[in-house]
Every structure is written in C-alpha cells, then in structure tokens.
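Notes follow the structure.
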Protein chains: 2
Amino acid sequence: MARLADVSKTTVSYVINGTGYVSEERRTRIELAIARLGYRPNAFARGLRSSRVSTVGVVSADAADPFVARVTSGILAEAAARDIIVTVSVDSGPSSCPESGRVGARQTGEPLIYVTDNEFSAEAYATLAARHVVVLAGEGEHRLGRAAAAMIDPRPAAHDLATFVVSSGHTRVAIVTPARWSGKWSERAAGLRDGLIAAGIPWVGITTISAEVSVHGGRVAIEELFMVTPDLSLRPTAVLCVDDSVAIGVLQRSREVGLIVPDHLSVTGFGDTTPAQTTSPRLTTARLPAEEIGQAALEMLLRSADLGDKAIPARMIAASMVRGGSVRPPQLDTGTGMGVER
Amino acid sequence: MARLADVSKTTVSYVINGTGYVSEERRTRIELAIARLGYRPNAFARGLRSSRVSTVGVVSADAADPFVARVTSGILAEAAARDIIVTVSVDSGPSSCPESGRVGARQTGEPLIYVTDNEFSAEAYATLAARHVVVLAGEGEHRLGRAAAAMIDPRPAAHDLATFVVSSGHTRVAIVTPARWSGKWSERAAGLRDGLIAAGIPWVGITTISAEVSVHGGRVAIEELFMVTPDLSLRPTAVLCVDDSVAIGVLQRSREVGLIVPDHLSVTGFGDTTPAQTTSPRLTTARLPAEEIGQAALEMLLRSADLGDKAIPARMIAASMVRGGSVRPPQLDTGTGMGVER
DNA sequence: TTGTATGCGTTATCAC
DNA sequence: GTGATAACGCATACAA
C-alpha cells in the first residue's frame with residue numbers, strides 16, 4: 001500500500017482516478033510515491049467494488065488457432081488502451097468433459113467474447129450466455145438468433161477476387177466448394193459464385209467442384225477437373241478456392257503435372273494464411289481482418305455490458321483482396337496436353 | 001450468493017473447498033443449489049484473500065505469433081486442470097511507449113510467464129521481475145542470469161537432422177546460418193554443425209552460408225551456393241537450414257532453376273511451422289514442443305511462487321525431428337548442369 | 001457441525 | 001480539501 005509513503009488511501013484513490021479535489025502539494029507527493037514503488041492498481045479489486053467492467057474473457061475452442069490468436073491479439077490491443085484485463089480460456093466442449101459445455105475456470109458474470117475459426121457451438125453459446133454478456137467473433141452469418149456479434153464479411157473480398165479474375169480475361173472459371181455445405185465456407189463459395197455472375201460469366205462458364213477443405217482436398221479437386229474436362233479448349237483457366245489450404249493443394253498438384261501457375265492456370269485462395277503468404281508465386285487471396293474483429297468485439301461487449309441486455313446490431317467487417325502473382329490473363333498456348341497424363 | 005437457496009455462506013465455502021465438516025444433508029442441498037444456479041466461485045476475489053495463486057499472467061511481445069500462441073495454449077490446458085485463471089497481455093516495449101517497458105494493465109504481484117519467439121528483452125524482464133515472480137518460456141539459452149526458465153533445447157533435433165542426412169549418404173552438406181549470430185538461431189546452427197561433425201563429416205565437407213532468416217534469405221542463400229560451387233561434383237547435395245522459412249526459400253528457388261527436391265537436393269528446416277507442413281514434398285524439420293514448454297513453465301511458476309525466491313533450475317525440453325520427403329539419398333545423376341543457369 | 005467477524009485492494013458515500 | 005467507513009466476493013480463524 002502506497003499510503004505508507006504519505007497520507008491516506010482515499011486521497012491516493014482520488015489522484016489515481018482523477019476524481020475529487022487534491023491539493024497540488026499532496027498530488028505531486030503521491031505521484032512520486034506511485035512512480036517509485038511502481039504501483040499499479042489491482043484491476044480485479046477495482047472491478048469488485050465499482051460496477052465498471054475491468055476484465056473481459058476470451059473463450060474459444062482452440063487458443064492456438066492462428067485466426068483465434070489474431071482476434072485475441074486485436075482484443076488485447078484495444079483492452080490495453082482501456083486498461084482492461086483480458087483472461088483467456090478454452091471451452092473444452094461437451095464431448096471431452098462430463099459436465100456439458102464446461103468452460104475452464106470462468107468466473108460468473110464476466111463479460112465474454114466467444115471467438116471461433118469455424119462454426120459456433122449452440123450449446124457452448126447457451127451455456128455461456130446463461131451467465132454472461134457474450135459477443136460472438138468469427139466469420140460469416142451466425143445461426144445464433146439475435147446474439148451480439150462482430151463478424152467478418154467474406155463477400156466483398158469474394159466479389160473482388162471474382163471480378164479480378166474475370167477482368168483479367170478468364171471466361172471459363174472453376175470454383176472449388178466445400179463438400180459439406182456449412183457456414184463459413186458456403187458463404188465464401190456463394191460470394192465467389194455471385195461475384196462471377198455479376199462480372200458477366202454465364203452459368204455454363206462456371207464449373208463447380210466439391211471438395212474437402214484441405215490441401216489434400218485441393219489436390220483431389222484439381223485432379224478431378226483434369227479428368228472431367230480433358231478437352232483443353234473447354235477446361236477452366238482459373239480456379240477459385242474457398243480456402244487457402246485448397247488453393248495450395250491445387251498449386252502443388254498443378255505443378256506436379258507440369259502446369260505453371262499462373263501461366264497455364266490462375267489460382268486464388270481465401271484467408272491469407274501464413275502458408276499462402278510464402279507460396280511462389282504469392283497466392284492471390286482474401287485477407288481476413290481478424291484483429292479488427294477483435295477490437296470491434298471488445299467495443300461491442302463494453303457497450304453491451306453497459307446497456308444491459310438491449311439487442312445490439314451485428315457488426316460486419318469486410319475481408320479484402322490481396323493481390324499475388326497467382327493470377328494473370330489466360331495464355332493461348334495452354335496446349336501440349338499437360339495436366340492430362342497421370 | 002447461493003446462500004439464499006439454503007443456509008450460510010461459510011458452509012457453502014466449506015463444501016466448495018472441501019474444508020471443514022458439513023452434514024451430509026446440507027452438503028447435497030448446497031451442491032444442488034450450486035448446480036442449479038451454475039455457480040462458479042470468483043477466482044479473483046478468491047486470490048484476494050487467500051495467498052494461493054489463482055491467476056497467472058502471460059506476457060509476450062506479440063500474442064498472435066504462432067509459437068507464442070502455442071505456448072499460451074499449453075499454459076491454458078495446464079491452468080484449466082488446476083482451476084487457475086490466465087490473463088494475457090502484450091508488452092509493448094520501451095520504444096512504443098514513453099514509460100519504459102510498460103506492460104499492459106498488469107496487476108502488481110501476479111505471477112508471470114514471459115514468453116517470446118525470439119530473444120528476451122533484458123529491460124522488459126527487469127521491469128517484470130521487479131514486481132512479479134517470473135518464469136521465462138522460449139528456445140535456447142537465455143542470457144538473463146539465474147532467471148527461472150522453461151526452454152526448448154534445439155540440439156537433440158539438430159543432431160537427429162544431421163545424423164539423418166548423413167546416414168542417408170550425403171557427404172557434402174551445406175548449412176545456412178543466420179547473418180546475425182544471435183540466440184536462438186545460432187544455437188540451431190551450432191547444433192547442426194556439431195551434429196554433422198559427430199556424424200563423421202569432415203570440416204571440408206561442410207559449406208557454411210550466412211543468410212537472412214526469411215524465405216527471401218533462403219532464396220539468396222541457395223543462389224549463392226550455386227554460384228560458389230559451379231562444379232557439380234563438389235556441390236553439396238544437402239542443405240540444412242536454421243529455420244523453416246529459409247528452407248522454403250531454398251525449396252522455391254531450387255525448383256525454379258529446375259532442381260527436384262529431394263532427387264537432386266535434400267533440404268531440412270527447423271520449426272515445423274504451418275507453411276513447412278504443407279510443402280510438397282513435406283519438409284523434414286524439427287518440431288518445437290511449444291505446448292509442453294507452456295505446461296512446464298506454469299508448473300515452474302507455481303513452484304517458484306510457493307518457494308519464495310529460491311532459484312529453480314532451468315528446465316529444457318528437447319525438440320524432435322519430423323521426417324518429411326525432402327531428404328533422400330543423393331542421386332548420382334545430379335548432372336545436366338541444372339541449377340547453374342540464371 | 002455451523003455461524004460471526006475480519007481482511008484482501010479498491011471505490012463510493014458522507015461526514016469533517 | 002480530506003479522511004473515516006462500508007461494501008464488493010471470498011477464505012479463514014475463532015466462537016457458538
């Protein structure tokens with residue numbers, strides 16, 4: 001307690017919070033003591049007394065996931081500016097633990113941000129929302145009723161990618177869509193499709209390949225494309241993938257069969273993940289504004305906690321296109337039958 | 001307060017903590033109330049009164065860094081098992097903020113784990129250690145005196161990589177070392193060198209290339225190797241890199257000049273990062289036990305907090321080799337002069 | 001076996 | 001202007 005250095009503790013509280021009147025002399029004396037002791041007020045005890053929000057929790061299924069980590073990082077930056085402490089915990093989910101939806105060491109009442117790379121678990125949300133103010137952070141539309149949410153809107157980026165490919169001169173384009181038509185990926189796929197149509201590609205010009213969303217899925221998908229359209233004059237000259245992993249699989253397999261990207265084939269991904277940033281050529285893809293989502297989520301959470309339980313409109317932040325070298329105008333000499341041989 | 005549901009709050013405290021004697025009847029009554037209200041004790045308030053450690057802090061320069069995120073994830077897993085709350089904050093460092101070494105919203109006295117992907121900042125550590133029990137988490141040897149630390153030991157993996165390459169039949173090997181001979185990377189490089197020598201490669205068989213640790217650095221390095229040893233019968237048949245990023249650069253540039261990995265050139269990385277996991281062929285590299293480091297760091301921190309300030313020996317956890325397809329015995333027909341042309 | 005009193009670090013209220 | 005004092009949610013020594 002810094003009050004040993006001078007006078008009373010109420011006065012110390014005053015100077016720290018800027019409230020009340022403190023004489024100039026004591027103020028400097030106290031500030032000096034604070035500096036010398038390196039004193040920092042305990043935010044927990046502070047939140048105990050005052051009803052102000054002093055800590056927020058971040059809960060996810062996997063804190064090591066790159067997307068989750070980036071969102072957390074955004075929350076951290078915003079929280080530091082507001083002097084708010086962030087606690088992180090992992091929701092182990094109903095399966096791994098007998099008590100359903102157990103959330104690790106979570107205190108009652110703490111405002112929470114539930115962030116996921118993928119789909120939100122309805123049960124986890126229900127458990128959380130029962131005792132906390134919760135804001136969702138993720139991508140696309142969530143199916144959790146009127147829950148407050150800060151989400152990434154993949155459509156602008158999808159639109160830009162499609163437009164970019166079409167304006168580069170491609171007229172036969174393939175989209176690799178997820179095998180399971182679910183949340184995040186289906187929205188990306190829909191965005192890409194809509195973008196192509198808006199850019200003037202006729203239905204017959206769009207080939208849709210359903211694949212597992214993974215590197216291997218991408219390899220299988222492009223293989224399938226080679227099989228289905230052996231006629232080079234009909235084969236798509238550009239492949240739009242719903243995820244970077246798929247695009248990397250496409251890149252790999254194409255190269256293995258002798259195709260050069262982007263000369264023989266243009267490829268785009270989605271996510272701007274670390275692997276996609278180091279491909280050669282650099283993948284044209286969509287950047288996910290994860291940090292911004294974290295920041296927005298924290299802002300919403302604080303507003304939401306203040307306002308009680310008034311519904312707050314979901315906030316969408318647009319993903320944006322990142323230009324790489326994996327797209328260029330289709331070449332005429334795609335010929336030589338490459339990509340057909342096993 | 002759950003005491004509305006039955007009797008007094010001391011009794012509730014007893015049943016929650018397992019201390020004291022509670023009659024069977026009341027115990028079940030209380031447990032029922034707890035379950036129905038979904039009550040969870042507030043760990044902050046708990047830590048306020050009892051001297052037990054109930055919260056630990058994780059501080060890093062960048063919470064979104066994959067390595068840091070993995071360590072944090074390990075801490076989280078261990079903390080959940082012990083019902084400890086984890087707070088995360090970013091040390092913005094002395095440069096970004098006038099008050100030197102400011103650590104975001106950190107409460108005084110909380111035990112801390114300082115984790116970094118790279119070198120520890122001596123000033124940041126000093127600031128932290130002045131008011132907290134601190135355990136370091138990172139890779140290699142730290143230069144911070146007798147500070148408690150859980151660190152990754154890169155040498156076993158380096159040794160295995162070198163041995164694996166040599167036992168595959170390679171006799172002329174190159175090591176790509178960091179331009180700046182600092183901490184983490186220098187230890188990896190030293191480990192690789194020692195491993196090669198231990199495996200029986202003579203000094204003259206080892207080519208050392210100094211490069212920037214990045215994808216681009218890897219490209220430059222391999223280019224340099226081609227220049228320096230145009231004579232194929234003298235050129236190294238395997239390249240050991242101190243980091244995955246470098247290895248990826250080597251992979252890319254090699255392919256661009258027409259070399260096939262691993263037929264014409266074997267390559268190894270270090271780190272087993274996400275990009276390295278998706279190369280084709282899969283990169284042979286070293287896995288960093290980040291989660292284990294996090295777990296060990298938390299254990300050490302708790303012991304350290306209990307023991308007061310007794311020095312705790314540093315704990316090293318070995319990195320291990322991951323076999324990919326990027327290494328195979330050297331082929332005789334490396335010929336054709338490939339890799340020499342611009 | 002159970003209730004009461006006290007203190008942890010902080011803010012808010014209200015006398016002085 | 002300033003300093004007691006209560007209260008926040010919890011653990012604990014002690015009294016009942």
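Computed from a predicted model, the values in this text were never measured in an experiment.
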Rounded to whole Å, how long is the line connecting atom [atom1] of [X] with atom [atom2] of [N]?
{"X": "A:Arg52", "N": "D:dC8", "atom1": "CZ", "atom2": "C1'", "answer": "15 Å"}
{"X": "A:Tyr14", "N": "D:dG3", "atom1": "OH", "atom2": "P", "answer": "10 Å"}
{"X": "B:Glu110", "N": "C:dG9", "atom1": "CD", "atom2": "P", "answer": "14 Å"}
{"X": "A:Ile34", "N": "C:dG9", "atom1": "CD1", "atom2": "P", "answer": "16 Å"}
{"X": "A:Ile30", "N": "D:dG1", "atom1": "CD1", "atom2": "P", "answer": "14 Å"}
{"X": "B:Arg27", "N": "C:dT2", "atom1": "CZ", "atom2": "C1'", "answer": "13 Å"}
{"X": "B:Phe44", "N": "D:dC10", "atom1": "CZ", "atom2": "C1'", "answer": "13 Å"}
{"X": "B:Leu48", "N": "D:dA11", "atom1": "CG", "atom2": "C1'", "answer": "10 Å"}

Check for a donor-acceptor pair, side chain of A:Ser73 on one end and backbone N or O of A:Ala69 on the other, with a separation under 3.5 Å.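 The answer is no, because no donor-acceptor pair under 3.5 Å joins these two groups.
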Tell me if a side-chain donor or acceptor on B:Ser13 pairs with a main-chain N or O of B:Lys9 at a distance below 3.5 Å.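 No.
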Heavy atoms under 4.0 Å, any strand shown: does B:Ser13 hit a base, just sugar-phosphate, or nothing?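 Answer is base: heavy atoms of B:Ser13 come under 4.0 Å of a base.
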Give A:Thr10 one of three labels, base, sugar-phosphate or nothing, depending on what nucleic acid heavy atoms sit under 4.0 Å from its own.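 It contacts base atoms.
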With a 3.5 Å cut-off and heavy atoms only, can you find an N or O donor on one side and an acceptor on the other between the side chain of A:Tyr39 and the base of C:dG9?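 It does not, because no donor-acceptor pair links the side chain of A:Tyr39 to the base of C:dG9 below 3.5 Å.
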Ignoring hydrogens and geometry beyond distance, is the side chain of A:Arg49 in donor-acceptor contact with the base of C:dT11 at under 3.5 Å?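 Indeed there is one.
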Is any side-chain N or O of [X] closer than 4.0 Å to OP1 or OP2 of [N]?
{"X": "B:Ser50", "N": "D:dA11", "value": "no"}
{"X": "A:Asn17", "N": "C:dT11", "value": "yes"}
{"X": "B:Ser23", "N": "C:dT2", "value": "yes"}
{"X": "B:Thr11", "N": "C:dT2", "value": "no"}
{"X": "A:Arg46", "N": "C:dA12", "value": "no"}

Salt bridge (charged side-chain N to carboxylate O under 4.0 Å, His left out) with B:Asp153: which residues, sequence neighbours excluded?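 Result, salt bridge (charged side-chain N to carboxylate O under 4.0 Å, His left out) vs B:Asp153: none returned.
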Test of understanding: with salt bridge (charged side-chain N to carboxylate O under 4.0 Å, His left out), list the residues that count as partners of B:Glu187, not counting sequence neighbours.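 Scan of B:Glu187 (salt bridge (charged side-chain N to carboxylate O under 4.0 Å, His left out), adjacent residues dropped) gives none.
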Return the 5'-most residue of the pair B:Tyr21, B:Ala45 with respect to DNA chain C, ranking by each residue's nearest nucleotide.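 It is B:Tyr21, whose closest nucleotide lies nearer the 5' terminus.
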Tell me every residue that passes side chain to side chain contact (heavy atoms under 4.5 Å, CB included) with A:Leu144, counting only those two or more places apart in sequence or in another chain.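 Side chain to side chain contact (heavy atoms under 4.5 Å, CB included) list for A:Leu144, sorted by chain: A:Phe120, A:Ala122, A:Tyr125, A:Leu136, A:His142, A:Ala147.
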Partners meeting side chain to side chain contact (heavy atoms under 4.5 Å, CB included) with A:Arg287 (sequence neighbours left out):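 Counting only residues at least two positions away or on another chain, A:Arg287 forms a side chain to side chain contact (heavy atoms under 4.5 Å, CB included) with A:Arg70, A:Asp272, A:Pro289, A:Glu291, A:Glu292, A:Ser320, A:Val322.
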Runs of at least three Watson-Crick or G-U pairs with DNA chain C, cut-off 3.5 Å: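 Ordered by first number, the stems with DNA chain C (at least 3 consecutive pairs each) read C:3-16 with D:1-14.
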Ring pair (Phe, Tyr, Trp, His ring centres under 6.0 Å) partners for A:Phe67, two or more places apart: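 With neighbours one apart ignored, the set is empty.
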Considering the options A:Lys184, A:Arg180, A:Arg143, which one meets the salt bridge (Lys or Arg N to Asp or Glu O under 4.0 Å) requirement together with A:Glu119?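 Passing option: A:Arg180.
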